[in-house]
Amino acid sequence: MASTEHPPRRLRAWMLEGLSDMGKDQGKVGPRRESRREHKGQPWYRVMCLTGVDYFSTLGYQPGIAALAAGLLSPIATIVLVVVTLAGALPVYRRVAQESPHGEGSIAMLERLLSFWKGKLFVLTLLGFAATDFLITITLSAADASTHLIENPHLEEALHDRQVLITMILIALLGAVFLKGFLEAIGVAVALVASYLALNAVVVVVGFYHVLAEGHVVTDWSNALTAEHGNVFVMIGMALIVFPKLALGMSGFETGVAVMPHVKGDPGDTEQQPTGRIRDTKKLLTTAALIMSCFLIATSFITTLLIPEKAFEEGGKANGRALAYLAHDYLGNAFGTVYDISTICILWFAGASAMAGLLNLMPRYLPRYGMAPHWARAVRPMVIVFTLVGFLVTWIFDADVDAQGGAYATGVLVLITSAAIAVTIAARKAGQRNWTIGFGVISVVFLYTTVVNVIERPDGVKIGACFIAGIILISLLSRLMRAFELRVTDVHLDEMAERFVRDIASRKIRFIANEPDARDKAEYRDKIEQIRNDNDLPDQEDFVFVEVTVTDPSEFEARLVARGEVLHNRYRVLTLESSSVPNALAALLLHVRDTTGRTPHIYFEWTEGNPFANFLRFFLFGQGEVAPVTREVLREAEPDPARRPRVHAG
């Protein structure tokens, strides 16, 4: 009778598909089995649609934002936005794509500048702003879609006071798409972007037709603009002042880089040199920016000239839906309804690019830092986590679009500013003087925009600070819970070290853990004498010393390399470099056991000092009370006491 797999096991296998468990293969140290499914990638124009559902969906509200912020100056202010986009954000992110071709973005570029715990905390702070940007993109877009749905004349009465529930349903549906699979998300994005841009093109063409047919609207607008602002220099100055309020029109660049790993590239691409992927990602960014720039200028022009100013105000028919207003007014309710449905769909799915960005960033950093559980490497559990957080944010803000706008703008601007600073530093290190100056000027522009936005909407920083505090707190608690976990990815012994192990394997394998000091003859002689006396060992027993040098204690996972050397023509010493002394020793013992089939013994002397202080030293600096921690790491890695390497302390 064929055995059937237990349903909970099937569910677990489905949830953790593609997961690589580090250090949890029953005490075996070495490469783990990875998922055999290889992601083949997608053409750049299809991936562009995934980031485009976020970027292009801002057409649903950007003309209205521009009209409220700049009034008659809306087209000129939008041109300033487009200039900053094409001359500022686009060159910055093309350079980011070149410097971090695996989708890490500016965070990885800035991470390289700092090490140890200050580097980790800095990255966690940026991840907090990234989480703010991406999660608020999901919740705000879904809330905006539900607003359009509820405001439909045919549904207003039936859906009254149901916005929070509808928003949560939309977020749940988005999560379901990603649980089904990433390729399905890209397919949906392509269909939505193609139809939405086509409908907007129709509205723009019809809008320009009416502008030309009603020639007086251009003259009226020009005269009113001149009467209000005088000359063109005053107009440009005012447009620069209101520019920070229009900055959401650049919201798609960070996700454009975050989804970069899904770009197909060339057949000859390697992980070290993905030349085709970099080239095609630059095409993605440039094409998206050009398409969006054309639509921004065109839509701001026709909406400003054809829609009465009062209609943009709160409660007006064009508030938050300027293009939909034109679609209904000039193309009839049938086309307008189709346009509304397309707008609702793309606003709902705008969270897809943000979800893809989260799924690329968070599992890339947090598990590597030891600041997330193992399952955080798998896609589906993280989709569930982000969906639940989206529910919480929606409930807290009552699905209010305006209440989330400040946090959204802050997250976008902080990430763009950090990217500009990162590429400035990269250009300076590369000795590219002109690029350094250019990127430096762009950094100043975005820094100014961010500061102005924070001053005008401080709630964005407060919300971002909550995300940062939450990520740091949960991350540190996770690392604390995983403190005794075996976290060496694999162990390699050089030729001399292998020779030492083969030699002592013919007898009893005995190691002495030694904290290197002067490394003179007396140090090793006295250490052997002490170990023999403390453990009542006969004189004929021989030993191999093991010395661990702590490199960066903030790192969680690393490869371990053991090098053998003979000191003073007598003492055999294995030297290791690791972020944690106990983990390095435990990994070495398990490796020796697995390769020789013999149970190794290791000898320690007790560390003096307060146990709690020693634990903090281990947690933060990888040292502390080594003997009991090594034994605890071995106990967690090898559940069978009979197969567990022996730890002695005296």
Side-chain angles (χ1 to χ4, degrees), residues 53-65 68 131-153 155-156 158-178 188-189 192 196 245 247-249 251-252 255 312 314-324 339-358 383 385-412 457 459-460 462-464 466-467:
V53 289
D54 174 21
Y55 195 21
F56 300 144
S57 68
T58 56
L59 288 171
Y61 50 80
Q62 183 71 15
I65 291 175
L68 286 174
T132 304
D133 178 12
F134 294 151
L135 279 168
I136 296 295
T137 297
I138 294 171
T139 58
L140 183 146
S141 299
D144 202 11
S146 65
T147 300
H148 279 73
L149 190 64
I150 290 171
E151 289 180 354
N152 186 287
L155 300 173
E156 185 174 6
L159 300 180
H160 184 64
D161 292 334
R162 297 285 191 274
Q163 185 166 359
V164 172
L165 176 62
I166 294 171
T167 302
M168 288 187 175
I169 291 173
L170 292 176
I171 294 172
L173 290 174
L174 180 70
V177 172
F178 277 83
V188 173
L192 289 177
Y196 184 68
K245 296 180 180 180
L248 286 182
S251 63
T255 50
F312 288 110
E314 187 175 352
K317 291 185 178 181
N319 181 255
R321 54 191 304 273
L323 294 177
Y339 184 87
D340 283 340
I341 293 172
S342 177
T343 303
I344 290 168
C345 289
I346 198 169
L347 281 170
W348 159 65
F349 208 65
S353 59
M355 182 72 81
L358 284 168
V383 169
V385 169
F386 296 143
T387 301
L388 293 176
V389 174
F391 289 164
L392 179 62
V393 172
T394 298
W395 176 70
I396 290 174
F397 290 102
D398 200 29
D400 189 331
V401 175
D402 293 334
Q404 301 174 67
Y408 185 35
T410 299
V412 169
R457 308 184 73 174
D459 55 312
K462 295 176 183 177
I463 297 170
C466 292
F467 275 101

Atom CD1 of I346 and atom CG of L59: how far apart are they, to the nearest 0.5 Å?
-> 8.0 Å
State, to 0.1 Å, how close F56 and Y196 come at their nearest heavy-atom pair, and which atoms those are.
-> O-CE2, 3.5 Å
Pairwise distance CG(L165) to CH2(W395) - rounded to 0.5 angstrom = 15.5 Å
From S57 OG over to I344 CD1, what is the distance, rounded to the nearest 0.5 angstrom?
-> 13.0 Å
Rounded to the nearest 0.5 angstrom, the CE-OG1 distance for M168 and T139 is 10.5 Å
Which value, rounded to the nearest 0.5 Å, describes the distance between L174 atom CG and I169 atom CD1?
-> 14.0 Å
Considering non-hydrogen atoms only, spot the tightest contact between I166 and S146 and give its length.
-> CG2-CB, 3.6 Å
Would you say the side chain of V393 lies within less than 4.5 Å of the side chain of I136, judging by non-hydrogen atoms?
-> yes
Between W348 and L173, is any pair of side-chain heavy atoms under 4.5 Å apart?
-> yes
How far apart are the closest heavy atoms of F312 and A322, and which atoms are they?
-> CE2-CB, 3.8 Å
Looking only at heavy atoms, the pair that brings T387 and A172 closest together is CG2-CA, 4.2 Å
Answer whether the closest heavy-atom distance between the side chains of D398 and Q163 falls below 4.5 Å.
-> no
Taking every non-hydrogen atom, the tightest pair across L192 and C345 | CD2-CB, 3.5 Å
Heavy-atom side-chain contact between T394 and I171 under 4.5 Å | yes
Here the pair of heavy atoms bringing L347 nearest to S141 is O-CB, 2.9 Å
